[in-house]
Amino acid sequence: MKTKIIINPTNRAFSSLDKMLSGSAFSDARFFIICDENTYNYCLPILISHTSRLQESEFLEVPVGEEAKSIEVATQLWKTLIDSNADRNSVIVALGGGCVSDLAGFVASTYKRGIRYINIPTSLIGMVDASIGGKTAVNVDNVKNQIGTIHQPSAVIIYPDFLDTLSDSNVVSGYFEIVKTLLLCSKNTFKSIIDNNAEGIDIEDVKKIIPICVDFKKSVVDNDPTEHSIRKILNLGHTFGHAIESFFIDKRNPIPHGLAVGYGLMCELYLSVKKLGLKESVLKDYCGLMSHFSDFPKFTLLDTEQILSYMRNDKKNVGGSILCVMLQDVGEPVIDVAIDELEVRDALLAVSKL
């Protein structure tokens, strides 16, 4: 099933959603909106006021951030759906960032062997990445996305003005997923973001980039929905990024997912220079961009061992080998590049000095 994606900076996005939900395909549907405290307060009123079909929905609130992505929270949601007599015609609406869409999609994919769901991303990372492609997941023992499914949403509704409700740190988090996408797309798009955002992020410029990222990811997913080949390129930055994110969660000092991906990109670009001959100027440009938002963490040798333990459990690994996506050049990714533990340590310790 291919997902219908609606992007509109005006309330017409919700008018289109309302028209879709009023059609025969949803005539017997009951709607359950999953949101967190932030989206309940800031985004739900906008959605409900412009989507009459959702005005009698049941609202299910979950914790903010990665804390929501657990089997325990999923179990609570399954129980609530059962207690509410939700049947197979029921539809879950995920109103939130990547954590909400990951969790809601997982619950939808497993409840009564699969019900429909709709993603309405409210974060930048959700709009350009997490809401598209049907990947769902929860975390186990601080290891990211270990239990999950691929279950395509019926629709993704992108209303860019939700970005106006975000904190600066949340925008920065999503920004690195944009940079990842532009590194995969072409030299021109990557160079444009280097040139146009040297002094910081202009949210109005970011809104214009969203359709580029959405179109690119959708084209990749449509060609490889279950990630057996080309879709793997979307994991650029994530082998290191997920492990770094898990490390900080374990230290009870969590960092935003997108920032962790940003750190992961730095490591994987560094190794791309060493292993695949990527031009050092690409790494230099990226480091310059990163420096506007964050310094790379100063990991100790002991820290690298803990990060390595997470990387050994990465779901992309095959036969005990740690696999990464790397770049030969901007717009020329290479999947399934094996790296050894010495290279992991080298990258984690070296990039903080760049």
Side-chain angles (χ1 to χ4, degrees), residues 3-23 26-27 29-69 73 76-77 80-81 83-84 86 90-105 107-108 115-132 153-174 203-204 206-207 210-211 214 256-258:
T3 301
K4 182 182 180 76
I5 298 180
I6 299 170
I7 307 176
N8 200 308
T10 72
N11 293 327
R12 286 197 299 274
F14 301 125
S15 299
S16 299
L17 173 62
D18 207 27
K19 182 178 180 180
M20 183 181 77
L21 298 184
S22 299
F26 294 90
S27 59
R30 292 175 58 205
F31 298 98
F32 295 82
I33 300 177
I34 296 179
C35 52
D36 62 25
E37 180 181 359
N38 292 332
T39 55
Y40 181 88
N41 290 329
Y42 298 110
C43 303
L44 184 61
I46 297 172
L47 173 64
I48 295 302
S49 65
H50 292 96
T51 315
S52 60
R53 190 72 173 86
L54 295 178
Q55 289 175 358
E56 295 183 3
S57 302
E58 188 167 335
F59 310 127
L60 311 179
E61 190 173 323
V62 298
V64 175
E66 291 290 329
E67 185 182 346
K69 288 176 57 175
V73 175
Q76 292 171 8
L77 293 173
T80 300
L81 291 170
D83 291 343
S84 298
S90 298
V91 178
I92 287 176
V93 177
L95 180 67
C99 292
V100 170
S101 62
D102 280 359
L103 171 69
V107 170
I115 62 175
R116 291 172 293 179
Y117 75 111
I118 293 167
N119 279 332
I120 306 179
T122 60
S123 69
L124 182 55
I125 203 166
M127 292 179 190
V128 300
D129 184 65
S131 68
I132 304 159
S154 298
V156 178
I157 311 300
I158 297 175
Y159 175 63
D161 283 356
F162 275 148
L163 299 181
D164 297 337
T165 69
L166 300 182
S167 66
D168 289 345
S169 63
N170 198 302
V171 172
V172 168
S173 179
I203 197 66
E204 294 305 317
V206 165
K207 290 177 184 179
I210 290 172
V214 170
H257 170 72

Checklist entry - Has the side chain of S131 got a donor or acceptor atom that lies under 3.5 Å from a matching backbone atom of G126? => result yes

Item to check | Any donor-acceptor N/O pair, N119 side chain to V156 backbone, under 3.5 Å | outcome: no

Next on the checklist: Is the shortest side-chain heavy-atom distance between I46 and D161 below 4.5 Å?
Outcome noted: no

Item to check | From I118 atom CD1 to S154 atom OG, the distance as rounded to the nearest 0.5 Å | outcome: 6.0 Å

Next on the checklist: Given 3.5 Å as the limit, does a donor-acceptor pair link the side chain of S84 with the main chain of L81, or not?
Outcome noted: no

Item to check | L95 side chain near T122 side chain, heavy-atom distance below 4.5 Å | outcome: yes

Next on the checklist: Using modelled atom types and a 3.5 Å cut-off, is there a donor and acceptor pairing between side-chain atoms of T3 and backbone atoms of P153?
Outcome noted: yes

Checklist entry - Out of curiosity, N41 CG to C35 SG, how far, rounded to the nearest 0.5 Å? => result 9.0 Å

Checklist outcome for this item: Minimal heavy-atom distance between K69 and D102, with the atoms involved, is NZ-OD2, 2.7 Å

Checklist entry - Between R116 and F26, is there a donor-acceptor pair closer than 3.5 Å when you use the side chain of the first and the backbone of the second? => result no

Checklist entry - Do the ring planes of F14 and H50 sit parallel (below 30°), tilted (30 to 60°) or perpendicular (above 60°)? => result parallel

Checklist outcome for this item: Residues A104 and I92: closest non-hydrogen pair is CB-CG2, 3.9 Å

Checklist entry - Between D36 and T39, is any side-chain donor less than 3.5 angstrom from a side-chain acceptor? => result yes

Checklist entry - For the residue pair A68 and V62, what are the closest heavy atoms and their distance? => result CB-CG2, 4.1 Å

Next on the checklist: Distance check, rounded to the nearest 0.5 Å: I120 atom CD1 versus T51 atom OG1?
Outcome noted: 6.5 Å

Item to check | Side chains of I158 and P121 in contact at under 4.5 Å (non-hydrogen atoms) | outcome: yes

Checklist entry - Could you state the interatomic distance from CE (M127) to CD1 (I132), rounded to the nearest 0.5 Å? => result 10.5 Å

Checklist entry - Can you name the nearest heavy-atom pair linking G98 to S101, along with the distance? => result O-OG, 3.1 Å

Checklist entry - Sub-3.5 Å donor-acceptor pair from the side chain of E58 to the main-chain atoms of F32, do we have one? => result no

Next on the checklist: Run I210 and L163 through side chain to side chain contact (heavy atoms under 4.5 Å, CB included) and show every step you take.
Outcome noted: CA-CA 11 Å; I210 290 172; L163 299 181; 3.9 Å; yes

Checklist entry - Should the heavy atoms of other residues, nucleotides or ligands under 6.0 Å from CG of D168 be counted, would the total exceed 12? => result no

Checklist entry - Within a strict 4.5 Å, meaning less than it, do heavy atoms of the L47 and Y159 side chains meet? => result no

Checklist entry - Does atom CD of E37 have more than 12 heavy-atom neighbours, drawn from other residues, nucleotides or ligands, at distances under 6.0 Å? => result no

Checklist entry - So does F59 have more than 12 non-hydrogen atoms from other groups sitting under 6.0 Å from CZ? => result yes

Next on the checklist: Contact between L17 and R53 at the side-chain level, heavy atoms closer than 4.5 Å - yes or no?
Outcome noted: no

Checklist entry - Could you go step by step and tell me if V73 and E67 meet the side chain to side chain contact (heavy atoms under 4.5 Å, CB included) rule? => result CA-CA 9 Å; V73 175; E67 185 182 346; 6.0 Å; no

Checklist entry - So which heavy atom on E66 is nearest to which on C99, and how close? => result OE2-SG, 3.4 Å

Checklist entry - What are the two closest heavy atoms between L54 and L21, and how far apart are they? => result CD2-CD1, 3.7 Å

Checklist entry - Does the pair I6 and M20 meet the rule for a side chain to side chain contact (heavy atoms under 4.5 Å, CB included), with working shown? => result CA-CA 11 Å; I6 299 170; M20 183 181 77; 5.5 Å; no

Next on the checklist: Side chains of Y117 and I115, heavy atoms from C-beta outward: is any pair under 4.5 Å?
Outcome noted: no

Next on the checklist: Looking at S173 and S169, would you say the former's side chain and the latter's main chain have a donor-acceptor pair under 3.5 Å?
Outcome noted: no

Checklist entry - Is the shortest heavy-atom distance from the side chain of I33 to the side chain of I48 under 4.5 Å? => result yes

Checklist entry - CG of D129 to NE2 of H257: how many Å apart, nearest 0.5 Å? => result 6.5 Å

Checklist entry - Passes side chain to side chain contact (heavy atoms under 4.5 Å, CB included), V100 versus I34? Steps please. => result CA-CA 7 Å; V100 170; I34 296 179; 4.2 Å; yes

